[in-house]
Structure formats: structure tokens, C-alpha cells
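Encoded as C-alpha cells, the structure appears first; notes follow it.
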Amino acid sequence: MRDKAKVSKLGHTLRKNGRAYAFCYAMVAFAVIQFAVFYVWININSIVMAFQQYTGNAADGTELYQWSFFQFDRLFREFSLPASQIAVAIRNTFLYFGAGVALVFICFFFSYFLYKKVWGYRFFRIIFYLPSIINAVVWVTVYRDLIQKYGPIYELLESWFGYELPALLSNVATATPTIIAFTVWTGLGVNMILYLGAMNRLPQEVIEAGELDGISWWREMFSIVLPMIWPTVSTTLILQCTQLFNSSGPILLFGTAGIPAGSYDTTTISYWIFSATQAGNDLNFPAAMGLFFTLISFPIVLFIRWFFNKIDPDVEY
């Protein structure tokens, strides 16, 4: 009887565990299917499309393609034209990327002074974090209203200095720098949270020893704080470098407001690929373009990661 009870209890446990495992596998299967369809299959299909050239339609209307490097040859020919749309997109992408790298150090600078609890630091902390918790569409609307003609900044400059602010977003020469300024303004919050968290973990004995030696804030910032939180800073720099050819501002949001932010002179690589796929006329060329820049950025990111680790190995506090 005792053996039968043990066998019955074991069977009940197996059935219970089987139902639990089945539920877990069902939940995981949904995520795996999504990953396989919307990431693996889409990317494999994009790679295949990059090596195909449209040759015409069959009698039944089916599109015919042949294997070719035509799309890459077309891409290199675009590179050779300094005024081509691809060349302009690359130039603007590097401008956004440079602003992103500069933003890392700007965030570190402001984070340090918040860490030192300067006068009004609570107020400034809210101001810096605010853009990260409010919808981007709202901030685009606010930013556009601030700098437009007869807006608050326009009226302020005209009344104080007699200077009439030009139409920044409707001029292709100033639209990209204006949007870059917006990305810097709204991009402070996330990195500042990371840096403040890293600074608050620093051993206070080290900071106090520097204060007893009479070092200035600037010396403390660059000789003590920066080296000790370098793993956090280098991680954000590496993440920024992964966006080397994907760097872009909210061009689509500004473009929907009727300004030329999505025009020829203000486009970026990612926005150009988005526009080309939205048009749907020629998907092979943007597929080749995406594959090309992915293959270039991969070794660059690996080298940058190796370089940062050589500068200062990972240290945790």
C-alpha cells in the first residue's frame, strides 16, 4: 500500500510539473516565434534582397530577379557623387553621431555637479529628467513653438537685443543643427541617471581624502571621479558607437509639422532607408545599403570596445 501511495504521489507531481512546464514552454514559444519571424526571417530576407536585381515581369505578372552585385555597385557610384542624396545622408548622420558622443560628456559634466549638490540641484535634476518622461511628440511641439517666428524666444531676442530670429526649421541650412540641438536638450536624462548612480557608489573615503588634500572640483572630476566610473562612461560610449550609422533625430516628427526636416538636405541614413521602404518602389537598394553599413559598423564597434578596455579595465564599486 505504501508503494502504491508513493507511485500515486509521484504521478501527481509529474502531472503537475508537466502542466507547469507546458505553460512555460507555451509562453516562451510565443516570443521565439516572434523573434524567428520578425527578426531572423526579416533579416535573412533583407540579405537575400541585397544581392538581387530586378529584371522585369513574367507573363503572369510575377517579378523576376537575378543574383547580382548591382545594388552595391549602385551604392558605390552614389558615394562618388559629393552632392548625392546618400552623401548628404551620411554627412548628417555623422553630425548626429558627433552630437551623441558630445552628449555623453555633457551628461557626465552635469551629473558631477548634481552629485556635488550645487545650489538648486533638485530643481535642475527635475529639469534634466523631464524630457525623458514626457512623450517626444509633446516636446517637439513645445520646441517648435518656442523657436518659431513670434514665439517666446523670438519675442525675447527682438525686445532685448533687436535681433529677429530667422525661421530655423524652414531653412535647410539650419534645420539639421536645430534638430540636433533638440536631441541634445532632450537626451540628458537617461545617461545622467546612470552616471549619478555610479557616482553615488564611489567610496566616500577617496572623495574625502581628496578634499583634505585641497584639490579643486575640476581636479576631483577628472582625476578621481571620471577614472572610477569609467566603466559606466565607456559603456555608454560603446552603445553610442553602435549607433554610428543609425544616428538620427526625430526627423519624422518634425517633418509631419510641414517643415523640410525630411527633405533632401536634412535626411540621414536611417531616415533615407525608412523613406525608401515606405515608398516601396525599390526595396533591394535600401537592403543593400543597410547590409553594407552593418558590415562596416560591426568591426568598428569591436575595436572601440577593445580600445576602451585597454584604457582602463572594468572596475566595480
Side-chain angles (χ1 to χ4, degrees), residues 42-43 45-54 65 67-104 140 166-184 187 237-304:
I42 293 297
N43 281 279
N45 190 46
S46 298
I47 294 173
V48 171
M49 290 175 61
F51 294 94
Q52 291 182 334
Q53 179 184 359
Y54 174 74
Y65 293 88
W67 295 101
S68 170
F69 288 97
F70 170 77
Q71 308 299 340
F72 295 97
D73 178 67
R74 178 182 171 187
L75 181 61
F76 293 139
R77 281 189 277 110
E78 287 281 346
F79 287 158
S80 64
L81 303 175
S84 69
Q85 189 172 2
I86 304 301
V88 173
I90 294 174
R91 181 200 64 193
N92 291 336
T93 300
F94 277 106
L95 289 176
Y96 281 104
F97 173 74
V101 173
L103 182 62
V104 171
V140 167
L168 299 175
L169 290 173
S170 59
N171 187 342
V172 293
T174 57
T176 295
T178 303
I179 300 176
I180 290 176
F182 172 83
T183 61
V184 173
L237 282 172
I238 292 172
L239 291 175
Q240 182 62 43
C241 291
T242 60
Q243 301 296 317
L244 177 60
F245 296 110
N246 294 327
S247 300
S248 182
I251 299 175
L252 182 61
L253 293 179
F254 278 103
T256 56
I259 60 173
S263 67
Y264 174 87
D265 294 277
T266 55
T267 190
T268 60
I269 294 174
S270 58
Y271 188 85
W272 185 92
I273 293 176
F274 166 78
S275 300
T277 53
Q278 285 292 104
N281 298 325
D282 183 9
L283 299 180
N284 300 87
F285 185 49
M289 189 173 176
L291 177 62
F292 175 77
F293 286 114
T294 300
L295 294 177
I296 290 181
S297 61
F298 183 70
I300 293 176
V301 172
L302 290 180
F303 172 77
I304 291 174

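- Relative orientation of the F182 and F254 rings is perpendicular, given thresholds of 30° and 60° on the angle between their planes.
- Sparse packing is recorded around CZ of F69, with 12 or fewer heavy atoms of other residues, nucleotides or ligands lying under 6.0 Å away.
- The two residues Q71 and Q52 have their closest heavy-atom pair at NE2-O, 3.2 Å.
- Residues D282 and R74 have side chains in contact (heavy-atom distance under 4.5 Å, counting atoms from C-beta outward).
- In this structure, I179 and P250 have side chains that are in contact, with non-hydrogen atoms separated by less than 4.5 Å.
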Practice task
Please test I90 against I269 for side-chain contact (heavy atoms from CB on, under 4.5 Å), starting from the C-alpha separation and ending with a verdict.
Solution key: CA-CA 6 Å; I90 294 174; I269 294 174; 3.8 Å; yes
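- Looking at every heavy atom in both residues, P286 comes nearest to A276 through CG-CB, 3.9 Å.
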Practice task
Apply side-chain contact (heavy atoms from CB on, under 4.5 Å) to C241 and F97, showing your working.
Solution key: CA-CA 8 Å; C241 291; F97 173 74; 4.2 Å; yes
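- At a threshold of 4.5 Å between non-hydrogen side-chain atoms, the residues L237 and V101 count as touching.
- Residues T183 and G249 approach most closely at CG2-CA, 3.8 Å, considering heavy atoms.
- Judged purely by atom type and a 3.5 angstrom limit, S84 uses its side chain to pair as donor or acceptor with the backbone of E78.
- Pairing each heavy atom of T267 with each of W272, the nearest pair is OG1-N, 3.5 Å.
- No side-chain heavy atom of F245 sits under 4.5 Å from any side-chain heavy atom of T294.
- Contact annotation: the side chain of S297 never approaches that of T242 to less than 4.5 Å [non-hydrogen atoms, C-beta and beyond].
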Practice task
Go through the steps for I273 and F285 under the test side-chain contact (heavy atoms from CB on, under 4.5 Å), then give the verdict.
Solution key: CA-CA 9 Å; I273 293 176; F285 185 49; over 6 Å; no
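- For the pair A175 and T266, the tightest heavy-atom approach, listed with the atom from each and the gap, is CB-CG2, 3.7 Å.
- The shortest side-chain heavy-atom distance between M289 and I86 falls under the 4.5 Å cut-off.
- Within 6.0 Å of OH in Y65 there are more than 12 heavy atoms belonging to other residues, nucleotides or ligands.
- Here CD1 of I47 is found 12.0 Å from CD1 of I42. Values are rounded to the nearest 0.5 Å.
- The distance from atom CZ of F72 to atom CZ of F51, rounded to the nearest 0.5 Å, is 4.0 Å.
- Partner of S248 under the side chain to side chain donor-acceptor pair (under 3.5 Å) criterion, chosen from N92, T268, T93: T268.
- Two residues are said to be in side-chain contact when any heavy atoms from C-beta on lie closer than 4.5 Å; N284 and F70 fail this criterion.
- Annotation: the span from L244 atom CG to I300 atom CD1 amounts to 5.5 Å, rounded to 0.5 Å.
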Practice task
Using the ring-ring contact (aromatic ring centres under 6.0 Å, His included) rule, take F79 and F292 through it: C-alpha gap first, then chi angles, then the decisive distance, then the call.
Solution key: CA-CA 12 Å; F79 287 158; F292 175 77; 5.6 Å; yes
